[in-house]
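Just so it is clear: chains get the letters A, B, ... in the order the sequence lines come, proteins before strands, and each one is counted from 1. In what follows, every heavy atom counts, from backbone to side chain, and hydrogens, waters and symmetry copies are set aside.
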Amino acid sequence: MWRSGFLPSFTSLLKILKKWLGLGSLVDSMSVFEFMLRLEYFPTEPTLNLLISMLSKAGMAREAHFVFRVLLGKGCLKCAHSYNPILWALCKCGQSYTALALLYSLKKMGAVHNAASYTALVYGFSREGLWEEAFCMLDEMEIDGYKPNVITYTVIVKFLCDEGRIGDALDILGKMGKEGCDPDIVTYNVILRELCHQDRYVEIGELLQVIDQKEISPDSFTYAALTGGLLKRGQVRVANKLLLYVISAGCTVDVAVYNIYFHCLCRENKSGEALSLLQSVVEKGLVPTNVSYNTILNGFCREDHIDEALQLFDHFEWANNSPDVVSFNTILSAACKQGNSSMIRRVLYRMEYEGVKLNVVSSTCLIQYFCTIGKISECLELLESMIHNGLNPTVVTFNMLLDKLCKNGLLGTAHRIFREFGNTGYFPNTTSYNILIHASIREGSDSLVEQLLRDMYSRRLKPDAVTYGSFIKGLCKEGKISVAIQLRDQMLENGLTPTVTIYNTILAAMFQRGKFWDIVSLLKDMTMDGCEPNAVSIEILKQAMSKCWMKRFPEVSKQLEFVICGNCEKETQTGGITS
DNA sequence: GTAGGGTTAG
């Protein structure tokens, strides 16, 4: 119309823009908006505010920023309500410094911020782990006359918890109390979740009491935080019990809580039961989400019923009417692990048919498949093509590849990949080093181990329990048990708890070398560290006991028997944490 | 009409 010389009217274009906004199509809205600008038509302020808000919510911060600048250029009122969504959108997608620049430029132009504007920046900086900047913003907020409120503090608490810094998070909680800014259920939920992740059950009990005393009602998020946290720590039975209790007590629970319940059932190999439960709660009015379906699909795959999982695809009533990329990846991942090429083809075909694009997870699964069937060159080609197509591999992609290469005896290739790509900020992490160090120790390549350790420290990455485990295993293999024990001590000094696997490694080495008294003494250490012997430990102890009996070491034999029997009794009781 | 929390795939 325009090219033929007709000028669309302002009203007609504004109508089209509003129509697209109403339909939620942001790409089309932006096209109309840009077209209007070319004709020097300025949409009305409420429409632009709506566009900014929708773009921001969709994470299209750059576009939102662009529209806002147009609004500014028009001399529109610089009101926090219109630009706060942009600040938040920028801060949520890792562009906190852009948000900061915007905040300052608006201030210069005379805009009046509010608490939410500063909170956005506090959110962005803490999310990116830029703690100095985050606390600086908190100070600036106060200097400008705004007291941080419960939301501001909750943001900080949340990201401290995400970094596992529960102590610092609890300090903030104390600070809130002193300033008369009462934490609410959201704050408590965040902390409860992280306490679960760290197995700090006593403190969970104490915090739940505080919540109760303050007469704050737990909500669906509370139940999800607790049970989801427990599930992540592998406490499936406890999580299950708690869910049953909450549901049977008639507490209001939403679909996310049910999703965790489905997950629990699937983890106990009861995905059929999870499916029946889903059907029965749907009849009672629960609206399932794709997460509900995907969780159950994953359960079927875990139990090796990929075909049934694929059949379920057609029976589910998907939210938004179609399975999403996670649904497909669930099946794809299972097929790749099995090396099931025909299933992989079926999934890929269906993805194409349904218009679902492969993402970084899908590609990582395929790389894993090629590694599994030994086609290493295809793996590396796929990695290259991912990068070429803008599907940036994540640290998980790289670590998976390194692990597979090392397991295929290709430490050299793994190390080459590591050197070539290891400067991206997110890669390598401690796990990457653990993989390479483990392989280097196994292959007896001491110089590489040393180099990796130096490199690791230079990146300010710290060895974790897995790193120590590798070293201890290597030392035990060489019979250097006392050095292994020294490393165990060093772990404790660095605040790391030796795992039962580490203890088992040392126990096994002691057994092989006939150091039975040392076994008894190590068992005492385990008790002191709060580390329970598991089935593997008990097996080693039983063997040691019978050897001692044959060699007529009655004293050691008796002590071992004592430990073994004590653990058998514990097995028959229910788990301690349930109470 | 602005801002914080939980659940799925590698």
Side-chain angles (χ1 to χ4, degrees), chain A residues 46 49-50 52-53 56-57 79-89 91-92 113-124 126-127 148-159 161-162 183-194 196 218-229 231-232 239 243 253-264 266 288-299 301-302 323-334 336-337 358-369 393-401 403:
Chain A
N49 278 339
L50 180 65
I52 290 170
S53 157
S56 304
K57 269 188 196 143
C79 165
H81 292 229
S82 64
Y83 61 76
N84 276 351
I86 305 176
L87 291 176
W88 276 94
C91 290
K92 282 187 176 177
H113 302 323
N114 61 18
S117 327
Y118 296 93
T119 305
L121 272 295
V122 173
Y123 179 102
S126 357
R127 180 182 171 273
N149 57 27
V150 61
I151 299 181
T152 321
Y153 284 124
T154 305
V155 162
I156 298 177
V157 167
K158 145 95 177 145
F159 292 113
C161 283
D162 282 357
D184 59 16
I185 191 64
V186 180
T187 326
Y188 288 123
N189 288 344
V190 170
I191 295 181
L192 284 173
R193 179 169 174 267
E194 185 54 26
C196 277
D219 58 12
S220 281
F221 284 84
T222 318
Y223 306 131
L226 287 169
T227 55
L231 187 58
K232 226 166 230 152
L243 282 163
V253 291
D254 65 7
V255 64
V257 179
Y258 271 107
N259 290 343
I260 298 171
Y261 197 10
F262 301 141
H263 196 175
C264 279
C266 290
T289 60
N290 274 9
V291 177
S292 327
Y293 296 133
N294 293 343
T295 303
I296 289 172
L297 284 181
N298 192 29
C301 289
R302 270 173 53 100
D324 55 25
V325 67
V326 179
S327 326
F328 286 108
N329 284 347
T330 303
I331 313 270
L332 185 64
S333 157
C336 286
K337 278 183 194 142
L358 295 182
N359 68 7
V360 57
V361 178
S362 335
S363 304
T364 304
C365 290
L366 291 172
I367 291 181
Q368 188 183 23
Y369 164 74
T394 66
V395 66
V396 182
T397 316
F398 283 118
N399 288 349
M400 187 275 299
L401 184 57
D403 184 53

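- Using modelled atom types, no side-chain atom of A:Asn329 and backbone atom of A:Leu332 make a donor-acceptor pair closer than 3.5 Å.
- The side chain of A:Val150 sits closest to B:dG4 out of B:dA3, B:dG10, B:dG4.
- Nearest to the side chain of A:Val291, among B:dG10, B:dG4, B:dT8, sits B:dT8.
- Side chain of A:Asn114 to backbone of A:Ser117: a donor-acceptor contact under 3.5 angstrom is found.
- For the pair A:Lys158 NZ and B:dA3 P, the interatomic distance rounds to 17 Å; values are reported in whole Å.
- Using a 4.0 Å heavy-atom cutoff across all strands shown, A:Thr330 reaches sugar-phosphate atoms only and no base atom.
- Between B:dT7 and A:Arg193, a contact under 4.0 Å exists linking OP1 or OP2 to a side-chain N or O.
- In this model, a side-chain donor or acceptor of A:Thr394 finds a partner on the base of B:dG10 within 3.5 Å.
- Distance CD1 (A:Ile191) to P (B:dG6): 13 Å, rounded to an integer number of Å.
- The main-chain N or O of A:Thr187 is found under 3.5 Å from a side-chain atom of A:Asp184 such that the two form a donor-acceptor pair.
- Between the CG atom of A:Asn259 and the C1' atom of B:dT8 there is a distance of 8 Å, given to the nearest Å.
- Contact check, A:Lys337 against B:dG10: a side-chain N or O comes under 4.0 Å of OP1 or OP2.
- Checking B:dA9, B:dA3, B:dG4 against every side-chain atom of A:Thr187, the shortest atom distance belongs to B:dG4.
- A donor and an acceptor atom sit less than 3.5 Å apart, one in the side chain of A:Thr397 and one in the base of B:dG10.
- Note on A:Ser220: a base of the nucleic acid sits closer than 4.0 angstrom, heavy atoms only.
- Note: CD1 (A:Ile260) to P (B:dT7) measures 6 Å, nearest angstrom.
- Every residue was checked against the salt bridge (Lys or Arg N to Asp or Glu O under 4.0 Å) condition with A:Lys92, not counting sequence neighbours, and none meets it.
- Contact annotation: A:Lys92 does not reach the phosphate of B:dA3 (side-chain N/O to OP1 or OP2, under 4.0 Å).
- Nucleic acid contact for A:Val157: none, since no nucleic acid atom lies under 4.0 Å from a heavy atom of the residue.
- Residue A:Val186 places its side chain closer to B:dG4 than to any other of B:dT8, B:dT7, B:dG4.
- When heavy atoms are screened at a 4.0 angstrom cut-off, A:Asn298 is found touching the sugar-phosphate backbone but no base atom.
- If you check distances only, the side chain of A:Asn359 does reach the base of B:dA9 with a donor-acceptor pair under 3.5 Å.
- Looking at residues two or more places apart in sequence or on another chain, you find no salt bridge (Lys or Arg N to Asp or Glu O under 4.0 Å) involving A:Asp324.
- If you take NE2 of A:His263 and C1' of B:dA9, they are 11 Å apart, rounded to a whole angstrom.
- The separation between A:Leu231 atom CG and B:dG6 atom C1' is 12 Å, rounded to whole Å.
- Look at NE2 on A:His81: it is 13 Å from P on B:dG1, rounded to the nearest Å.
- Side-chain to base pairing of A:Asp184 with B:dG4: one donor and one acceptor N or O lie within less than 3.5 Å of each other.
- Minimum atom distance to the side chain of A:Trp88 is reached by B:dG4, of the listed B:dT2, B:dG4, B:dT7.
- Judged by distance alone, with hydrogens and angles left aside, the side-chain atoms of A:Ser220 form a donor-acceptor pair with the main-chain N or O of A:Asp254 at under 3.5 Å.
- Rounded to a whole Å, the CG atom of A:Asp324 is 8 Å from the C1' atom of B:dT8.
- Within 3.5 Å, a donor on the side chain of A:Asp254 pairs with an acceptor on the base of B:dG6, or the reverse.
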